[in-house]
Each structure stands twice: as C-alpha cells, then as structure tokens.
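Each remark here refers to the structure printed beneath this line.
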Amino acid sequence: MNHWLMKSEPDVYSIDDLERDGSTSWEGIRNYKARNNMRAMKKGDRVLFYHSNASPPGIVGIAEVVKEAYPDHFAFDPKHHYFDEKSDPEKPRWDMVDIAFVEKLPRMVSLPEVKLTPELGAMELVTTARLSVQAVKKSEWDRIVAMAAEPDAGE
DNA sequence: GCCAACGTTGGC
DNA sequence: GCCAACGTTGGC
C-alpha cells in the first residue's frame, strides 16, 4: 500500500465536507506531476488530507482511495470551471480518483510543525511548491500520525 | 528550443 | 492582499 497527501482549500472542500459526503471525486487537477501521482494510486492506498490556504495550513485527516484513476470528464464541459479544451474525450489529458473519508486526526499537524520536524524535512510538502497531490513515505506517514496523537509540541 | 509573459498555487 | 515559486504558453 502506498501513501499520499492531497491538498484542498477548506473553503472549497474540507475534511468535514468529506466526512459528510462519505466519499468524493477528486476532479480539477491540472498539473501533470499531480496527475501522474493520481495515476499511480491503487485502491486501498491511504491519503493525508491537507488544508491549504488555511491559518495555519496543515494535515487534518485520513482518506482512502476507493476508485483508481479515470478520465476527469469535467474537462470536457465548456461551461464548467474545470473545462480544458485540450483534453479530448477520445484521449483525455486529465484524470481523477475517488477517495473516501477514513478519519479525522485527533488534532491538526500544522505546516509549521512539519517544518520543525527534521524527519519530515524531505517531504514534498516542504520542498516543492504548488504540488497538490504528492507521495508520502511510510516513515513520514507514521510520524505524522504519531504526532497527531500527542499534544502539539509547540503549545 | 529559448525565454519572456502570463496564470495559478498557496504561504504568509 | 501580497508576492514568490513555478508550470504553461506562445512568439521568434
């Protein structure tokens, strides 16, 4: 099983929205690296749910891949926000996956806290700007989950 | 194929 | 709201 991290702006779609909905499709990814990561996802893979553009931003929950990559049909609809004329229904350029709610973490592991943790310094969350779907190492995953089970060291 | 212009992400 | 980072587009 592989591990991932997906960013979402809580004003647009939060972990609470996912909990309410149970599962959702992850459309609108328009970055090749992020798309390729989604294409590598397997059913059952686990996903850290990250709130971006929040104060503070951070990891708030866990989701699970329930449907592997399939064409992002929103790219075909000229009236849709996610329309991309370069994505041909015969040869789709963009894919999406479906994820399901697993749990909320006992507390948020904030980005500042991640940055202060040496073992997490190599995460793309820290090293790579503007990548909304990224791979997470098992050791990083375990560390983050363990941190969420304990009080914030910074408080 | 280079690179300037432009658009978006996302931290702060 | 600002702006750095950086991916994409398009002129040449």
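A note on names: the letters A, B, ... follow the listed sequences, proteins ahead of strands, and every chain is numbered from 1. Computed from a prediction, not measured in an experiment: that's the story for all the values here. Heavy-atom basis, side chains included; hydrogens, waters and symmetry copies ignored.
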Got a list of side-chain donor-acceptor pairs under 3.5 Å for residues 33-40 of chain A, not counting sequence neighbours?
unit_1: A/Lys33; atom_1: NZ; unit_2: A/Glu124; atom_2: OE2; d: 3.4
unit_1: A/Arg35; atom_1: NH1; unit_2: A/Arg93; atom_2: O; d: 2.8
unit_1: A/Asn36; atom_1: ND2; unit_2: A/Tyr32; atom_2: O; d: 3.3
unit_1: A/Asn37; atom_1: ND2; unit_2: A/Lys33; atom_2: O; d: 3.4
unit_1: A/Asn37; atom_1: ND2; unit_2: A/Val133; atom_2: O; d: 2.7
unit_1: A/Arg39; atom_1: NE; unit_2: A/Asp95; atom_2: OD2; d: 3.0

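Bending across the helix from B/dG1-C/dC12 to B/dC12-C/dG1, expressed as the angle between its end axes from five pairs apiece, amounts to 10° (10° rounding).
Grouping Ile, Leu, Val, Met, Phe, Trp and Tyr by side-chain contacts under 4.5 Å, direct or through others, puts A/Val102 with A/Leu5, A/Leu48, A/Tyr50, A/Ile59, A/Ile62, A/Leu105, A/Val109, A/Leu111, A/Val114, A/Leu120, A/Met123, A/Leu125, A/Val126, A/Val136, A/Trp141, A/Ile144, A/Val145, A/Met147.
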Could you go step by step and tell me if A/Glu113 and A/Leu116 meet the side chain to side chain contact (heavy atoms under 4.5 Å, CB included) rule?
CA-CA 5 Å; A/Glu113 202 181 346; A/Leu116 283 170; 5.6 Å; no
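Along DNA chain C, the nucleotide nearest to A/Thr127 and the one nearest to A/Lys86 differ in position, and the one closer to the 5' end is contacted by A/Thr127.
Protein atom CD of A/Glu124 is 18 Å distant from nucleotide atom P of C/dA5, rounded to whole Å.
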Per-nucleotide protein contact along nucleotides 7-12 of chain B, 5' to 3', at a 4.0 Å heavy-atom cut-off (B base, S sugar-phosphate only, - neither), is BBBBBS
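Scored by the ring pair (Phe, Tyr, Trp, His ring centres under 6.0 Å) test, A/Phe76 finds no partners at all (sequence neighbours excluded). Every residue two or more places apart in sequence or in another chain was checked for a side chain to side chain donor-acceptor pair (under 3.5 Å) with A/Glu68, and none qualifies. Taking A/Asp16 as the reference, A/Ser14, A/Glu19, A/Lys104 meet the side-chain contact (heavy atoms from CB on, under 4.5 Å) condition, with sequence neighbours excluded. Evaluation of the ring pair (Phe, Tyr, Trp, His ring centres under 6.0 Å) rule for A/Tyr82 yields A/His80 as partners, not counting sequence neighbours.
Among pairs with a residue in residues 44-63 of chain A, those fulfilling salt bridge (Lys or Arg N to Asp or Glu O under 4.0 Å) read A/Arg46-A/Glu64, at least two apart in sequence or across chains.
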